[in-house]
Amino acid sequence: MKALVKAEPAIGLEMQHIPVPEIGPDDVLIRINKTGICGTDIHIWNWDEWAQRTVPVPLVTGHEFAGEIVEIGRRVEDLHVGQRCSGEGHLIGHHSRQSRAGKFHLDPETKGVGVNVPGAFAEYLCLPAFNVVPLPDDIPDDIGAILDPLGNAVHTALSFDLVGEDVLITGAGPIGIMAAAIARHVGARHVAITDINPARLALATQVADVRPVNVMEEDLKDVMAAFGMTQGFDIGLEMSGNQTALDQMVESLTMGGRIALLGIPPGKSPVDWSRIVFKAITIKGVYGREIFETWYKMIAMLQNGLDVSNVITHRFNVDDFVQGFETMRGGASGKVVLDWT
Ligand code: NAD
Ligand code: ZN
């Protein structure tokens with residue numbers, strides 16, 4: 001089969017022909033139809049410090065996918081050949097205290113598909129049946145291929161009750177933009193999204209009814225005044241990993257505001273803790289998706305009018321993967337989807 005492999009400890013990925021994976025008794029084999037390129041895949045492509053520390057070479061990469069089950073292991077009972085599916089890319093263990101308490105997304109033994117173990121940038125993927133998420137007929141493969149990052153957005157956005165709240169999102173990457181759509185969908189009052197990249201802010205307005213704020217040109221205080229806010233935003237969703245953005249968020253939040261942090265800063269970042277203490281701000285770190293509550297809510301919202309389809313800005317045949325990765329690395333795109341069919 002074709003697969004995009006990190007073949008050498010160096011920049012880039014290689015298209016290789018490798019054997020179709022063999023499945024175990026609790027696994028399924030999925031024929032991949034569409035995959036999404038993630039920021040994580042760009043780190044792996046760039047072979048940055050994190051990737052060098054984390055990714056074994058050689059490895060089939062990729063973790064955002066939609067496809068169809070073509071084979072099931074002998075102990076798998078609740079899935080069938082021909083079933084369309086996506087799946088959770090975090091492979092959890094079943095021994096930790098967290099897993100045994102049903103908090104699967106907090107399992108410290110988690111391994112990542114396409115990060116630690118062979119991934120989905122391939123014609124076939126072996127996945128534990130436990131991780132499979134069947135796709136309803138009304139969710140197309142394009143959307144199925146971006147449920148992983150949509151799940152990050154859903155997990156973060158639903159960390160706090162957003163009904164009637166004023167929400168500030170920092171970072172209009174694909175995940176921040178989808179979080180804006182979710183905040184709207186669940187009934188937030190004012191939703192603003194910041195970035196320093198005008199293309200990203202323009203895209204945000206095509207996906208969600210959101211106030212774009214270019215922080216290079218505009219002061220958030222003016223945006224708050226225009227909204228008629230006297231105190232500040234109630235909820236912050238940090239989706240840039242940028243230190244300045246987090247600072248601005250803390251400044252722009254009301255007393256008792258709450259922040260969910262998804263963005264990953266490149267290193268240790270200085271934080272004005274006294275500001276956080278005196279504003280009595282609650283901060284929650286968010287990792288991955290809740291397994292499988294996030295998937296349940298996300299699919300239900302998609303079936304009830306949540307529309308994030310415009311966040312996909314580019315589609316390429318997988319043979320043109322270099323173009324796909326270059327588009328993503330350019331920083332002006334939304335999600336880039338590769339077609340394996
Ligand atoms: P992305 O890199 O595409 O988007 C980040 C955006 O932040 C970019 O558009 C960038 O221009 C913007 N930005 C940079 N400086 C800014 C500033 N000062 N103010 C406002 N915006 C600024 O990333 P993404 O794929 O949308 O993911 C969002 C974040 O979530 C990333 O940091 C990513 O690493 C992280 N992430 C975390 C998890 C997790 O499990 N915690 C999972 C997936 C992604
Ligand atoms: Zn991803």
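The model shown is predicted, which means the values in this text are computed figures rather than measured ones. Counting starts at 1 for both ligands and their atoms, following the listed order.
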Check the pair His63 / Phe121 against ring-ring contact (aromatic ring centres under 6.0 Å, His included), numbers first and verdict last. CA-CA 7 Å; His63 59 272; Phe121 287 160; 7.6 Å; no

Inter- and intrachain pairs under side-chain hydrogen bond (donor to acceptor under 3.5 Å, both in side chains), touching residues 163-179, at least two apart: Asp166-Arg189, Thr170-Glu238

Less than 4.0 Å from atom 21 (N) of ligand 1, is there any heavy atom belonging to the protein? yes

Which residue pairs pass the ring pair (Phe, Tyr, Trp, His ring centres under 6.0 Å) test when at least one of the two sits in residues 190-245, sequence neighbours left out? His190-Phe227

Would a 4.0 Å cut-off, counted as strictly less than, catch a protein heavy atom around atom 36 (N) of ligand 1? yes

Closest protein heavy atom (residue, atom, distance) for atom 39 (C) of ligand 1: Leu262 CD1, 3.6 Å

Can you label the angle between the Trp45 ring and the Phe325 ring as parallel, tilted or perpendicular, going by 30° and 60°? parallel

Answer yes or no: is there an ion pair linking Asp234 with Arg258, defined by an N-O contact shorter than 4.0 Å? no

Angle in degrees, rounded to 10°, that OE2 of Glu64 and SG of Cys38 form at the Zn ion (ligand 2): 90°

Taking 4.0 Å as the limit for heavy-atom contacts, which would you say applies to Asn152 with ligand 1: side chain only, backbone only, both, or neither? side chain

Applying a heavy-atom cut-off of 4.0 Å, say which part of Asp195 lies close to ligand 1: side chain, backbone, both or neither. both

Is the shortest side-chain N to carboxylate O distance from Lys335 to Glu64 below 4.0 Å? yes

N/O/S atom of Asp41 under 2.8 Å from the Zn ion (ligand 2), yes or no? no

So does Ala66 get a backbone contact from the side chain of Asn33, meaning a donor-acceptor N/O pair under 3.5 Å? no

Please determine whether any non-hydrogen atom of Gly39 lies less than 4.0 Å from an atom of ligand 1. no

CG-SG distance between Leu135 and Cys85, expressed to the nearest 0.5 angstrom: 6.5 Å

Nearest neighbour in protein (non-hydrogen) for atom 19 (N) of ligand 1: Ala245 CB, 3.5 Å

Please state which protein non-hydrogen atom is closest to atom 27 (O) of ligand 1 and give its distance, to 0.1 Å? Ile175 CD1, 3.5 Å

Protein residue, atom and distance nearest to atom 3 (O) of ligand 1, heavy-atom basis: Arg200 NH1, 3.1 Å

Minimum-distance protein heavy atom relative to atom 29 (C) of ligand 1: Met239 O, 3.5 Å

